[in-house]
Amino acid sequence: MRRREMLIGAGAAIAAPKGLLAGGTPGRFWTNEWPNTDFSRCSVPFEEIISGGVPRDAIPALSTARFTPASDEARIPAVEPVVTVALGGEAERAYPVRYLTWHEIVNDQIGGTPVAVTFCPLCNSALVFDRRAAGQVLDFGVSGKLRHSDMIMFDRQTESWWQQFTGEAVVGALTGTRLETLVSWMESFEAFRDRNPDGSVMMEPDNVRRPYGRNPYDGYDSAARPFLYRGENPPHGIPPMMRVVRIGNRAWPLSRFEATPVIEEAGHRLSWQGGMASALDSSTMSEGRDIGAIRVTDLATGRDAVHEVVFAFAFHAFAPDGIWMLN
C-alpha cells in the first residue's frame, strides 16, 4: 500500500523498468513473482511496463460484494462519486468510488453477467467489463504494474496481464484478447439515490479495512504531471490533468461544458450536471471540488453509451491519433 500513500509528489522520480534483462526481456524478478505468466507472448514493449511500487495483490481486488438499498445507505456523503451500472433490465447498481479507490477492482455478477468494475485513480479511469473471455469466466486482481500510469490487471486463471484502459490482454496466454466494455457512468451518490431509492449500492467491505472516504492521492487533481508517467503531454496545449470525456477515439475536454451543459456532436448527447465532488482533490473525498458528472446517450437510440471521464494524458497515451473535440 506504500505506493498509494506516497503518490503525490509531483516531482516523484520515475522508476526504471525493474526486472528486465538487456534487450528488454523479463528476468527472474518478474518470472519468480509470475511463474504462470507466459512472457513469450506480449503485444507491447516490456520497457513500457513499470512497477507501481507494490507487488501483486497488495491492492486487494474484491470478489465478494454486499449491497443495500440506496435509501438505507447512511455512510456515503451525497456529493461523493459512485460508478453506476445497469445491465439487461436489471436495476441500476452503484459502486462507491470511496471503495474502488482502495481496491481498484470488484469482481461481481449482475443478473447473469459476470462483471469487473474497475477504477484506476492515476488516470481517473472507471470502466466496467464483462469477465467472460476465451471461453471462461475470469477473476481479476491488481498486478502492481503500470503502463502509461494506468493499472495493469491480471486474471487468476491464466495470469495474463490486462491493460485496464483498453480492456485488452497485453502479456501472457490471452494476449490480444479484448474484454467487452459495458455501459457505466460516474455520478454523485445523491443523483443515484434520488433516481433509485431502492437501487442497490455496494456496502463497505467487511473483510478488508481501509480508511474509506479518505483520498490517498491528496492534491492529485492539481499535480503538474501524472504519477510515474513518461509519455508526452496532450496536444493543443491541453493540460495533462484536465478531465476529458472519452468516447471511442474522441475526447471532449470538460472545459467545453463551461459554456453549455449539453453538447450534441458525433452522434452523441453529452450532458453535464453539477453536484459531484472530485475523489482525487481533497484528502477527504466529500470535500473535493465540484467537477460535475457526465451522462452520454446515443442520439440514434436514446440509450446510454459507453464512455468514461479520464485525464487528458491517458487518452493521448492510449489514443495518440485520437480526435480532440475542441469546439
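As the structure is a computational prediction, the values presented were derived from the model and not from experiment.
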Measure from the side-chain N and O atoms of Trp161 to the backbone N and O of Thr37, and report whether any donor-acceptor pair falls under 3.5 Å.
-> no
Residues in side chain to side chain contact (heavy atoms under 4.5 Å, CB included) with Arg66, at least two apart?
-> Met203, Asp206
Write down the atom of Arg225, the atom of Gly231, and the distance for their closest heavy-atom approach.
-> NH2-O, 3.2 Å
Compute whether any side-chain donor of one residue and acceptor of the other, for Asn124 and Tyr220, lie under 3.5 angstrom apart.
-> no
Residues in salt bridge (Lys or Arg N to Asp or Glu O under 4.0 Å) with Glu264, at least two apart?
-> Arg269
Residues in side chain to side chain contact (heavy atoms under 4.5 Å, CB included) contact with Ser184, at least two apart in sequence or another chain | Val83, Val85, Val128
Those residues that, when tested against Glu73, pass side-chain hydrogen bond (donor to acceptor under 3.5 Å, both in side chains) (two or more places apart) = none
Apply salt bridge (Lys or Arg N to Asp or Glu O under 4.0 Å) to Arg250 and list each qualifying residue two or more places apart in sequence or on a separate chain.
-> none
Mind checking what makes salt bridge (Lys or Arg N to Asp or Glu O under 4.0 Å) contact with Arg256, not counting sequence neighbours?
-> Glu265
Kindly work out whether a path of hydrophobic side-chain contacts (I/L/V/M/F/W/Y, heavy atoms less than 4.5 Å apart) joins Trp34 to Phe46.
-> yes
Name every donor-acceptor pair, under 3.5 Å, that has one atom in a side chain of residues 164-175 and the other anywhere in the protein, sequence neighbours excluded.
residue: Gln164; atom: OE1; partner: Ser125; partner atom: OG; Å: 3.1
residue: Gln164; atom: NE2; partner: Thr118; partner atom: OG1; Å: 3.1
residue: Gln164; atom: NE2; partner: Ser125; partner atom: O; Å: 2.9
residue: Gln164; atom: NE2; partner: Ser125; partner atom: OG; Å: 3.2
residue: Thr166; atom: OG1; partner: Glu168; partner atom: N; Å: 3.3
residue: Glu168; atom: OE1; partner: Arg178; partner atom: NH2; Å: 2.7
residue: Thr175; atom: OG1; partner: Arg41; partner atom: O; Å: 3.4
residue: Thr175; atom: OG1; partner: Gly172; partner atom: N; Å: 3.1
residue: Thr175; atom: OG1; partner: Gly172; partner atom: O; Å: 2.7

Is atom CZ of Arg75 surrounded by more than 12 heavy atoms (other residues, nucleotides or ligands) closer than 6.0 Å?
-> no
Between Met202 and Ile110, is there a shared hydrophobic cluster once you connect ILVMFWY residues whose side-chain heavy atoms come closer than 4.5 Å?
-> yes
The remaining residues in the hydrophobic cluster of Val306, counting side-chain heavy-atom contacts under 4.5 Å among Ile, Leu, Val, Met, Phe, Trp and Tyr, are Val183, Trp185
For Gln109 and Gly111, indicate whether the former's side chain and the latter's backbone hold a donor-acceptor pair under 3.5 Å.
-> yes
Please list all pairs passing the salt bridge (charged side-chain N to carboxylate O under 4.0 Å, His left out) test where one or both residues lie in residues 236-248, with sequence neighbours left out.
-> Asp221-Arg243, Arg246-Glu308
Is the ring centre of Tyr99 less than 6.0 Å from the ring centre of Tyr212?
-> yes
Check whether NZ of the Lys or CZ of the Arg Arg93 lies under 6.0 Å from the centre of the six-membered ring of Phe67 and within 45 degrees of that ring's axis.
-> yes
Tell me whether Val309 is reachable from Met186 by hopping between hydrophobic residues (I, L, V, M, F, W, Y) whose side-chain heavy atoms are closer than 4.5 Å.
-> no
Partner set under side-chain hydrogen bond (donor to acceptor under 3.5 Å, both in side chains) for Asp57, not counting sequence neighbours = Arg156
Without swapping roles, check the side chain of Ser188 against the backbone of Ala191 for a donor-acceptor pair under 3.5 Å.
-> yes
All N/O donor-acceptor pairs, side-chain side in residues 310-327, below 3.5 Å, sequence neighbours left out:
residue: His316; atom: NE2; partner: Glu232; partner atom: OE2; Å: 2.7

Can you name the residues that form a salt bridge (Lys or Arg N to Asp or Glu O under 4.0 Å) with Glu190, not counting sequence neighbours?
-> none
Distance col, row Arg289:CZ vs Glu287:CD, nearest 0.5 angstrom, shows 15.0 Å
Are Pro96 and Val201 side-chain neighbours, meaning at least one heavy-atom pair lies under 4.5 Å?
-> yes
